[in-house]
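Residue numbers count from 1 along this sequence.
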Amino acid sequence: MCCTTWTSPAPWSNAAVNILLVEDDATLREALAETLRLAGYAVVTAADGSTALEALQAGNFSAVVTDYQMRPMDGFALLTAIREIRPHL
């Protein structure tokens, strides 16, 4: 399985906003995902750029939040690739 999906139990409308969260540090990734989930967002996490691109192909996202300093694909390269796949994201 490429990623973790959480849906929000919060009653407000943020649940319609699906966020792809990309962070290579597992502790920070889970903390950020939990914070977003508690704010009412649906969150899919990825540990690296290639996993994020796989998730992007499989899902419909409203936003991408990414770490900048990752290897082998940094956040800038990831966002460039995302723009090619989903120019309006």
Side-chain angles (χ1 to χ4, degrees):
M1 184 154 94
C2 76
C3 39
T4 303
T5 304
W6 287 321
T7 56
S8 170
W12 52 85
S13 63
N14 289 345
V17 177
N18 298 315
I19 297 176
L20 175 57
L21 172 65
V22 190
E23 170 59 58
D24 58 348
D25 181 293
T27 303
L28 183 55
R29 182 174 60 248
E30 296 307 317
L32 290 169
E34 180 67 10
T35 300
L36 290 167
R37 185 188 67 77
L38 289 172
Y41 297 100
V43 180
V44 173
T45 62
D48 57 50
S50 62
T51 304
L53 291 174
E54 289 175 16
L56 187 68
Q57 295 290 350
N60 185 23
F61 297 97
S62 304
V64 175
V65 177
T66 185
D67 183 2
Y68 179 72
Q69 296 179 350
M70 297 183 296
R71 292 181 185 216
M73 180 186 298
D74 67 24
F76 183 75
L78 173 61
L79 292 175
T80 300
I82 289 171
R83 282 298 219 199
E84 292 176 14
I85 298 167
R86 302 260 175 97
H88 300 292
L89 182 62

Going from CD on E34 to OG1 on T45, what distance comes out if it is rounded to the nearest 0.5 angstrom?
11.5 Å
Distance col, row I19:CD1 vs Y41:OH, nearest 0.5 angstrom, shows 6.0 Å
Measuring from N18:CG to L36:CG, what's the distance to the nearest 0.5 Å?
12.0 Å
Shortest non-hydrogen contact between L20 and A52, atoms and distance:
CD2-O, 3.6 Å
Going by the rule side chain to side chain contact (heavy atoms under 4.5 Å, CB included), which residues pair with D67 if we only count those two or more places apart in sequence or in a different chain?
E23, D24, Q69, M70
Indicate the atoms forming the closest heavy-atom contact of A55 with V44, along with that distance.
CB-CG1, 4.3 Å
In Å and rounded to the nearest 0.5 Å, what is the CD to CD distance from Q57 to E54?
9.5 Å
Could you list the donor-acceptor pairs under 3.5 angstrom formed between side-chain atoms of residues 78-89 and any protein atom two or more places apart in sequence or on another chain?
| unit_1 | atom_1 | unit_2 | atom_2 | d |
| --- | --- | --- | --- | --- |
| T80 | OG1 | F76 | O | 2.9 |
| R83 | NH1 | P87 | O | 2.9 |
| R83 | NH1 | L89 | O | 2.8 |
| R86 | NH1 | G59 | O | 3.2 |
| R86 | NH2 | L56 | O | 2.8 |
| R86 | NH2 | G59 | O | 3.1 |

Restricting to non-hydrogen atoms, name the atom on S50 and the atom on D48 that form the minimum distance, rounded to 0.1 Å.
OG-OD1, 3.0 Å
